[in-house]
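Worth saying up front: this structure is predicted, and the values here are computed from it rather than measured. In what follows, chains are A, B, ... by sequence order, proteins preceding strands, each numbered from 1.
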Protein chains: 4
Amino acid sequence: MQSRHPASRTGRPRSAAADTAILAATRQALVDLGWSKLTLSDVAVRAGVAKTTLYRRWAGKNELVVDAVAELFDELTLPDRGSLAADIEGVVLQFAAILARPEARSGLMAVVAEATRDEALRERIRASIVDRQKRLVIAGRTRAQERGELPPETDAERSARAVDLIFDMVAGSVVHRTLVSNQPADEEWVHGLTRVLLSGLAASAR
Amino acid sequence: MQSRHPASRTGRPRSAAADTAILAATRQALVDLGWSKLTLSDVAVRAGVAKTTLYRRWAGKNELVVDAVAELFDELTLPDRGSLAADIEGVVLQFAAILARPEARSGLMAVVAEATRDEALRERIRASIVDRQKRLVIAGRTRAQERGELPPETDAERSARAVDLIFDMVAGSVVHRTLVSNQPADEEWVHGLTRVLLSGLAASAR
Amino acid sequence: MQSRHPASRTGRPRSAAADTAILAATRQALVDLGWSKLTLSDVAVRAGVAKTTLYRRWAGKNELVVDAVAELFDELTLPDRGSLAADIEGVVLQFAAILARPEARSGLMAVVAEATRDEALRERIRASIVDRQKRLVIAGRTRAQERGELPPETDAERSARAVDLIFDMVAGSVVHRTLVSNQPADEEWVHGLTRVLLSGLAASAR
Amino acid sequence: MQSRHPASRTGRPRSAAADTAILAATRQALVDLGWSKLTLSDVAVRAGVAKTTLYRRWAGKNELVVDAVAELFDELTLPDRGSLAADIEGVVLQFAAILARPEARSGLMAVVAEATRDEALRERIRASIVDRQKRLVIAGRTRAQERGELPPETDAERSARAVDLIFDMVAGSVVHRTLVSNQPADEEWVHGLTRVLLSGLAASAR
DNA sequence: GTATAAACGAGACGGTACGTCCAGTCTTGGA
DNA sequence: TCCAAGACTGGACGTACCGTCTCGTTTATAC
């Protein structure tokens, strides 16, 4: 990830270690306290950093938590498992594994809730978290087209709509299963989801 | 809905009007301020009620907001539109319309986020909000079976799993579309969702 | 002294004990820390009172310190020592004794310094502290006139000017001796001051 | 005035202009903000100087303000006005004129207040400000003795006591008049003060 | 004329207090 | 017994300065 903060030519440079410590402390505080009881004072203490340092780098709790949670999703990959269904199952399982971690559970829904009233925050979430996952969807589809599992897409607009729908269905289903229904998104469940999704897309494309 | 609070034998009875006023004030505060900036003091002022009265009836902000939001979902119905697909589209559109209202957008995600760390709250949400919708899924399936669109279900456990999956897919997709992707769940989108879902279920059931 | 704060018809009444505790804590903090290092947070802790309680009753540090110091001067009296010179010496020694106490030393000069830029504070000091002492000057002169040590005053304006001059000379000399020159205003010094003052006034009146 | 800071053999020498700019900026900040709201950061900005430079030269706010205010008193002189009374009136009026300036009003009392708890600061004030004025008292008395207005002093200890008393009475009265009573120390008032003082000293010396 | 040593500007750092706000409790008088 | 009002303790908020520190840069003298 490129540097989060603009460089300054002069003056004492910002401590890079502080960023790391703050984000780690934020995640740990999410685990220990949850979003609503997390305070920036507490994060500062945990990170061994002054409160001012924290406010110098982030505008507030929401921005901080977005960045802290976003790092969790950096580990998502799309290994080639040989088929579209297997690829999807693989990445969904990874996604579910992240959502099962308490720092993600507590933080993600809360910032999404906050974002319902804050366009800038919504944009930050989309940029930091959502769009990165959408690239996985696109990559998966491309790979499937190369394999011949999906026909090459010609209609760009229609293609974009399909990606959006798939993305909302996959991410939404997993999030709802994990965070609302509070059930594990295990292999069996993911397998069912994938089957319904792929069958439906295939049938609906005809 | 049955009375929220246990009756007391003696003394001045609680004002029923206060409950109504408080919940309405809560929803309005959600619209004006969002969940995180909503304060019980403010709700008390809006409702023309003392803070004491409010604390006498609800344990805290989360419980109050759950009750206030839950009332929004009482209006969901499942009118017979003649086909399973049409029935689903109808109820999903109703659901999406509720989620488009700011008092629901702000409140619902926030309490779900809070619930990730609070079993009692999770239970309250499930009881007050989620299970009521799940009955719509079951009713829709039953009606479709009566129409012959779906085969009668024989395996109870498998049936429950299917209902859960459908429910997570429908609710999750709509929530994600509305609150995360921040796009309207309009007729066209709902139509696409329904088609993929039903095709997929039909294909996957074979 | 009349009540410092306006009464409210309704709601929980303010704790009278808190006022006492806060003013005593303020004086102790002046002793321990001095004016510039005295913080309202610290006073609140010492008084066993929440910071909000303190801010509810005083506008800020200056107002609080003025009230805390003013109470010190309530104990000034003008016992009849038989002659004008003895009366003056008596009250000046009392005044010097108060100024020798660290809570007065630290606080009084500091609020006077602050008052150079704050008309309201200046008025509060004059009302709470200065005018009370001026009455001692007037009482002393009246008693001396009754004794025949001073001629009855006929010219009101001239009289006022004389009182002001005496007051500035007495108070100013003692304060300067005590706080700037940092020497004790002991009996010998006060005796010298009184002799110069009375001789001068007598000679100058001719 | 001798150099405030020790010279260093090697390296870049300290900017002399910076000292001047800092002290002037301090006085202006005293005028604009008063002592308690004056911050060293602000002074640094006003002086066009980095905070480091300021801290390299002064230990803190008190020391800086003492030096800034002390410069104001360099302009006090004792021109020969022909008589002791006239000489005293002249210097007292000069003194009062300085005290009427806001940078002196705000700063002087505040550092005196601070000095009640700081022996080193007290000494710095005495050395930088007070003793310089005391020399005026001594010079005036010497001149009066040469004129024959005062008898030659023989008893050294008694003489010192008298100087101290006069000094405290003059300086204290003017300061109290100006800063506490908040009245102008104009010619009329100074005339009255001088008459009482000289008559009293003459009578008391007999 | 080039090293070198200190001062310089800029600004981040860990702290501390600010004055405000809200949570949740308690105390009054009145319905 | 409930109610409205409002004071209570407690604690986080986000801001402002403190006095220190770490940079890269400038500037006189000493070699």
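Taking atom CG of Asp42(D) as the reference point, atom P of dG19(F) lies 14 Å away to the nearest angstrom. The distance from atom CG of Leu40(B) to atom P of dC21(E) is 17 Å, rounded to the nearest whole Å. The interatomic distance linking Leu54(A) (CG) with dG15(E) (P) rounds to 14 Å, in whole Å. Rounded to a whole Å, the NZ atom of Lys37(D) is 13 Å from the P atom of dC18(F). Atom-to-atom, NZ of Lys61(B) to C1' of dA23(E) comes out at 10 Å; the value is rounded to the nearest Å. Distance CH2 (Trp35(B)) to P (dC22(E)): 14 Å, rounded to an integer number of Å. The CD1 atom of Ile22(A) sits 13 Å away from the P atom of dA12(E) (whole-angstrom rounding). Atom CG in Leu64(A) sits about 11 Å away from atom P in dG14(F), given to the nearest Å.
At a cut-off of 3.5 angstrom, counting only N and O atoms as typed in the model, there is no donor on one side facing an acceptor on the other between the side-chain of Lys51(A) and the base of dG15(E). Evaluation of atom-type donor-acceptor distances gives no pair under 3.5 Å for the side chain of Thr52(A) against the base of dA16(F).
For the pair Val65(A)/Trp58(A), no side-chain contact is recorded, criterion being any heavy-atom separation below 4.5 Å from C-beta on. Taking 4.5 Å as the limit, every side-chain heavy atom of Thr26(B) sits out of range of all side-chain heavy atoms of Asp67(B). For the pair Arg105(C)/Met109(C), no side-chain contact is recorded, criterion being any heavy-atom separation below 4.5 Å from C-beta on.
Side-chain atoms of Thr53(D) lie closest to dG9(E) of the nucleotides dA5(F), dC3(F), dG9(E). Closest contact between the side chain of Thr39(D) and the listed nucleotides dG19(F), dA23(E), dC17(F) involves dC17(F). Listed candidates were dA12(E), dA4(F), dT9(F). Nearest to the side chain of Val49(C) is dT9(F). Closest to the Arg12(C) side chain, of the nucleotides dA7(F), dG15(E), dC13(F), is dA7(F).
Both Pro13(C) and Tyr55(A) lie close to DNA chain F; mapped to their nearest nucleotides by heavy-atom distance, the more 5′-ward contact belongs to Pro13(C). Sequence order on DNA chain F of the closest nucleotides to Ala18(B) and Ser15(C) puts Ala18(B) first from the 5' end.
When the side-chain nitrogen and oxygen atoms of Arg57(D) are compared with OP1 and OP2 of dC8(E), one or more of them lie within a distance under 4.0 Å. A sub-4.0 Å separation between OP1 or OP2 of dA23(E) and a side-chain N or O of Ser41(B) is present. At least one side-chain nitrogen or oxygen of Arg56(A) sits closer than 4.0 Å to the OP1 or OP2 atom of dC13(E).
Using a cut-off of 4.0 Å between Lys/Arg side-chain N and Asp/Glu carboxylate O, Arg27(D) and Glu71(D) are scored as salt-bridged. Classification of Asp118(A) and Arg122(A) as a salt-bridged pair fails, no side-chain N sitting under 4.0 Å from a carboxylate O.
Backbone-only contact: Gly48(C) has heavy atoms under 4.0 Å from sugar-phosphate atoms and none from a base.
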